[in-house]
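Following: one structure in structure tokens, then a few remarks.
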Amino acid sequence: MKKKWGESMIKVLKEDIEVIFEQDPAARSYLEVILTYSGLHAIWAHRFAHILFQKKWFFLARVVSQISRFFTGIEIHPGAKIGRRFFIDHGMGVVIGETCEIGDNVTVYQGVTLGGTGKEKGKRHPTIEDNVLIATGAKVLGSITIGQNSKVGAGSVVLHDVPHNSTVVGIPGKIVIKNGIRIKKDLNHRDLPDPVADRLKELEKEIEQLKELLEEKKEGTIKNGY
């Protein structure tokens with residue numbers, strides 16, 4: 001039984017390497033990946049910390065996770081459940097909470113937070129189902145579910161469940177594609193809308209409108225002889 005468990009764990013660790021070659025065209029050799037990919041280091045450290053956590057060696061589990069955080073810049077609570085072929089690209093600033101559950105073939109980019117809102121008890125972090133991609137800087141918060149084969153756009157803040165086969169973008173996150181049907185323009189990862197830039201454009205329009213109102217008031221004041 002122990003031998004079978006060991007073989008299974010070795011298979012999982014090999015898959016962690018293989019998925020990097022599939023997802024990252026910059027990966028050139030096994031040695032390079034094993035020695036220099038912080039995302040891989042964080043995942044392997046978490047798999048060990050999670051085993052300690054399951055055995056109720058909570059202090060040791062947290063020590064391992066904090067050492068990993070120090071060296072990789074990626075914080076994964078040892079209680080988080082992570083499936084196979086999980087890929088963290090670049091990874092700096094990634095945060096994954098204690099009750100988060102992540103399925104198989106999930107990819108996250110740097111700056112992603114899978115966190116809580118501070119209001120819940122018990123299950124307070126997201127569930128990420130199989131084949132999900134979460135782009136740079138996205139925040140998925142609360143005890144919500146991101147359905148299979150879905151994508152979360154860069155910089156998005158998601159506070160509600162996302163159905164299977166959907167793409168969600170913006171602040172707050174809104175579904176733009178569902179089951180292959182465009183609700184808004186289909187966008188590539190690099191072309192996703194910038195909610196900050198959009199808000200700045202709205203503010204510019206409001207400023208222009210205020211300027212026009214001030215000019216009208218000035219003209220009215222001059223006409224009235226004041």
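Each residue takes its place number in the sequence, starting with 1. Keep in mind that this is a model prediction, so the values were computed, not measured.
- Both I51 and L40 belong to a common hydrophobic cluster when Ile, Leu, Val, Met, Phe, Trp and Tyr are linked at side-chain heavy-atom distances under 4.5 angstrom.
- Side-chain contacts under 4.5 Å among hydrophobic residues (ILVMFWY), followed directly or transitively, place L31 together with L35.
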request  = Under the side-chain contact (heavy atoms from CB on, under 4.5 Å) rule, what do R47 and V12 come out as? Steps first, then yes or no, please.
outcome  = CA-CA 10 Å; R47 297 203 187 284; V12 169; 3.5 Å; yes
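- Under the side-chain contact (heavy atoms from CB on, under 4.5 Å) test applied with N105, the options R85, E15, E129, Q23 reduce to a single match, R85.
- A 4.5 Å side-chain heavy-atom check between V106 and F87 finds every atom pair outside the cut-off.
- Proximity of I144 to V158: side-chain heavy atoms (C-beta onward) are separated by under 4.5 Å at one or more points.
- Here the OG atom belonging to S156 is positioned 13.0 Å from the NZ atom belonging to K151, to the nearest 0.5 angstrom.
- In this structure, W57 places its CH2 atom where only 12 or fewer heavy-atom neighbours from other residues, nucleotides or ligands lie under 6.0 Å away.
- Of all the heavy atoms in E32 and S29, the pair that sits closest is N-OG, 3.1 Å.
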query = V152 and I128: side-chain contact (heavy atoms from CB on, under 4.5 Å), yes or no, with the steps?
reply = CA-CA 11 Å; V152 177; I128 312 298; over 6 Å; no
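- Between F86 and H46, the distance separating the two ring centers is not shorter than 6.0 angstrom.
- If you chain together hydrophobic residues whose side chains sit under 4.5 Å apart, I82 and I134 fall into the same group.
- When side chains are defined from C-beta on, L52 counts as touching V64, because their heavy atoms get closer than 4.5 Å.
- Here the straight-line distance linking atom CD1 of I146 with atom CG of D130 works out to 13.5 Å at 0.5 Å rounding.
- With sequence neighbours left out, R62 forms a salt bridge (Lys or Arg N to Asp or Glu O under 4.0 Å) with no residue at all.
- Between D16 and R84 there is no salt bridge, since no side-chain nitrogen of the basic residue lies less than 4.0 Å from a carboxylate oxygen of the acidic one.
- Residues V33 and L13 share a hydrophobic cluster, clusters being chains of Ile/Leu/Val/Met/Phe/Trp/Tyr side chains in contact below 4.5 Å.
- The distance from the NZ atom of K81 to the OG1 atom of T99 is 9.5 Å, given to the nearest 0.5 Å.
- Summarising the geometry of A42 relative to S68, their closest heavy-atom pair is CA-OG, 3.6 Å, with the distance given to 0.1 Å.
- Aromatic ring orientation, F53 versus H77: perpendicular (interplanar angle above 60°, classes split at 30° and 60°).
- At most 12 non-hydrogen atoms from other residues, nucleotides or ligands lie less than 6.0 angstrom from CZ of R69.
- Both L141 and I171 belong to a single network of hydrophobic side chains, linked directly or stepwise wherever heavy atoms of I, L, V, M, F, W or Y lie under 4.5 Å apart.
- Inter-residue side-chain proximity for I102 and C100 is flagged as met; some heavy-atom pair is nearer than 4.5 Å.
- Distance alone, capped at 3.5 Å, is enough to place a donor-acceptor pair between the T72 side chain and the I74 backbone.
- In terms of heavy atoms, H164 sits closest to S150 at C-OG, 3.7 Å.
- Side-chain atoms of I17 and W44, non-hydrogen and from C-beta on, do get closer than 4.5 Å to each other.
- Between G173 and V168, the shortest heavy-atom contact is C-CG2, 3.4 Å.
- A138 and G153 make their closest contact through CB-O, 3.7 Å (heavy atoms, listed as atom of the first residue, atom of the second, distance).
- Counting heavy atoms from C-beta outward, T136 and V112 have side chains that stay 4.5 Å or more apart.
- Atom CZ of F58 has more than 12 neighbouring heavy atoms from other residues, nucleotides or ligands inside a 6.0 Å radius.
- Of the possible donor and acceptor atoms, one in the side chain of H41 sits under 3.5 Å from a partner among the backbone N and O of I34.
- A donor-acceptor pair under 3.5 Å is absent between the side-chain atoms of S166 and the main chain of V162, judged by distance alone.
- Of the possible donor and acceptor atoms, one in the side chain of H50 sits under 3.5 Å from a partner among the backbone N and O of A80.
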task = Start with the C-alpha distance between E98 and R124, add both sets of side-chain angles, then the distance that settles side-chain contact (heavy atoms from CB on, under 4.5 Å), and finish with yes or no.
result = CA-CA 8 Å; E98 178 183 8; R124 58 193 184 279; 2.6 Å; yes
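- Between atom CD1 of residue I43 and atom CD1 of residue I96 there is a gap of 8.0 Å, rounded to the nearest 0.5 Å.
- Between atom CG of residue L203 and atom CG of residue L210 there is a gap of 10.5 Å, rounded to the nearest 0.5 Å.
- Using modelled atom types, one side-chain atom of S143 and one backbone atom of K123 make a donor-acceptor pair closer than 3.5 Å.
- No single ILVMFWY cluster, assembled from side-chain heavy atoms under 4.5 Å apart, contains both Y37 and F71.
- For the atom pair CD1 (I175) and NE2 (H160), the distance works out to 10.5 Å, reported to the nearest 0.5 Å.
- A49 approaches S65 most closely through the heavy-atom pair CB-N, 4.5 Å.
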